[in-house]
Amino acid sequence: MNDQEREREAREALERVQRDSESLGSSALARMSRQAQDHFSGRDAVGAGEDGGTDPIELWGRRIGRGLSLVGVVVLGLWLLVQLGIL
C-alpha cells in the first residue's frame, strides 16, 4: 500500500466514525428540527461573502423568501385538501 491509499482509507474510517456517532448522539427528530431552524434563519448565508462577511440584505432576503415559500406550501396544501373534499 502506498501512502495515498492509506490516507484515503484513514479518511473514510474517520468519516464513518463521525457519521455513526452523529446518529447515536442525537435523535433524528432533533437533527431535522435543527437543520430546519438553520435553513429558515439563513445560517447558510453567514460568511458566504467574498471576504467572509455577511451581507445583511442577502441574509434577510433569504429569510423572507424561505418564510414565504413555507406559507405558499401550506396554502397549496390546504387548497389541495379542499379540492379533494377532505376539508
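FYI, the numbering just counts along the sequence from 1.
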Main-chain N/O of Gly42 paired with Arg62 side-chain donor or acceptor, under 3.5 Å: no
Pair listing, salt bridge (Lys or Arg N to Asp or Glu O under 4.0 Å) test, anchored in residues 72-87, at least two apart: none
Atom CG of Leu87: over 12 foreign heavy atoms under 6.0 Å: yes
Residues forming a side-chain contact (heavy atoms from CB on, under 4.5 Å) with Leu80, sequence neighbours excluded: Leu84
Between CZ on residue Arg43 and CZ on residue Arg63, distance to nearest 0.5 Å: 8.0 Å
Indicate every side-chain donor-acceptor pair of residues 66-78 with a distance under 3.5 Å to a residue at least two apart or in another chain.
| unit_1 | atom_1 | unit_2 | atom_2 | d |
| --- | --- | --- | --- | --- |
| Arg66 | NH1 | His39 | O | 2.6 |
| Arg66 | NH1 | Asp44 | OD1 | 3.1 |
| Arg66 | NH2 | Asp44 | OD2 | 2.9 |
| Ser69 | OG | Arg66 | O | 2.7 |

Any residue meeting side-chain hydrogen bond (donor to acceptor under 3.5 Å, both in side chains) with Gln83, in chain and number order, not counting sequence neighbours: none
Residues that Glu7 engages under side-chain hydrogen bond (donor to acceptor under 3.5 Å, both in side chains), provided they are two or more places apart: Arg11
Contacts of Glu15 that satisfy salt bridge (Lys or Arg N to Asp or Glu O under 4.0 Å) - sequence neighbours left out: none
Residues forming a side-chain hydrogen bond (donor to acceptor under 3.5 Å, both in side chains) with Arg8, sequence neighbours excluded: Glu12
